[in-house]
Amino acid sequence: MPLYHMDVYRLSGEEDFANLGTEDMLYGDGVCLIEWSEKIMSELPKSTIIIKIESQKDSSRLITIENWNNGEIL
């Protein structure tokens with residue numbers, strides 16, 4: 001299965017992302033891992049699964065997994 005990694009940190013927003021021609025990656029047979037995806041949420045499929053990793057004060061990490069389509073926490 002193809003695995004695509006995109007870091008969209010330097011993009012200005014959704015229009016920049018759409019101009020990259022990423023449809024084959026987003027809607028193909030592979031898996032896309034996108035860093036800084038909050039910048040391009042309107043371009044992502046409704047089936048997108050969001051994994052958030054947040055640093056905690058005690059140096060641990062809080063990991064949250066949710067489906068963007070309905071905000072359901074998995």
Side-chain angles (χ1 to χ4, degrees):
M1 174 180 294
L3 175 65
Y4 305 104
H5 172 258
M6 297 176 236
D7 185 340
V8 298
Y9 176 76
R10 296 187 189 276
L11 297 183
S12 297
E14 292 92 354
E15 187 175 338
D16 283 352
F17 185 75
N19 290 335
L20 292 175
T22 56
E23 293 82 19
D24 289 342
M25 290 182 270
L26 290 176
Y27 297 99
D29 293 329
V31 174
C32 294
L33 300 174
I34 304 173
E35 295 182 68
W36 298 92
S37 60
E38 62 272 12
K39 298 179 85 169
I40 57 158
M41 290 302 292
S42 68
E43 296 297 317
L44 299 180
K46 296 294 182 192
S47 60
T48 296
I49 296 172
I50 299 170
I51 301 172
K52 296 178 184 176
I53 304 172
E54 301 171 280
S55 297
Q56 303 296 297
K57 289 181 181 181
D58 67 356
S59 297
S60 65
R61 302 290 186 266
L62 174 64
I63 300 172
T64 307
I65 302 172
E66 62 185 53
N67 178 285
W68 182 64
N69 185 35
N70 61 13
E72 177 182 347
I73 296 179
L74 306 173

Shortest non-hydrogen contact from [X] to [Y]?
X: Ser47; Y: Asn67; value: O-ND2, 4.1 Å
X: Ala18; Y: Glu43; value: CB-OE1, 3.8 Å
X: Gln56; Y: Arg61; value: CG-C, 4.2 Å
X: Met25; Y: Cys32; value: O-SG, 3.0 Å

Next item on the list: Could you pull out all residues at least two apart from Glu38 that satisfy side chain to side chain contact (heavy atoms under 4.5 Å, CB included)?
Entry: Trp36

Margin query: Under the rule for side chain to side chain contact (heavy atoms under 4.5 Å, CB included), what residues qualify as partners of Asp29, not counting sequence neighbours?
Written below: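 Per chain and number, Asp29 pairs via side chain to side chain contact (heavy atoms under 4.5 Å, CB included) with no residue.
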
In Å, rounded to the nearest 0.5 Å, how long is the span from [atom1] of [X] to [atom2] of [Y]?
X: Tyr4; Y: Thr22; atom1: OH; atom2: OG1; answer: 11.5 Å
X: Ile40; Y: Ser12; atom1: CD1; atom2: OG; answer: 13.0 Å
X: Met6; Y: Leu20; atom1: CE; atom2: CG; answer: 8.5 Å

Validation row: [X], [Y] side chains within 4.5 angstrom (heavy atoms):
X: Ile53; Y: Leu62; answer: no
X: Leu3; Y: Met1; answer: no
X: Val31; Y: Pro2; answer: no
X: Ile50; Y: Ile65; answer: no
X: Ile34; Y: Leu26; answer: yes

Notebook entry, point to check: Has the side chain of Lys39 got a donor or acceptor atom that lies under 3.5 Å from a matching backbone atom of Tyr9?
Noted result: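 Indeed, once roles are kept as given, a pair shorter than 3.5 Å links the two residues.
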
Notebook entry, point to check: Does the Arg10 side chain pair with the main chain of Val8, one donor and one acceptor, at a distance under 3.5 Å?
Noted result: no

Checklist line | Step-by-step side chain to side chain contact (heavy atoms under 4.5 Å, CB included) determination, His5 to Glu35 | finding: CA-CA 8 Å; His5 172 258; Glu35 295 182 68; 2.5 Å; yes

Item checked: Joint cluster assignment, Ile49 & Ile63, ILVMFWY side-chain distance < 4.5 Å -> yes

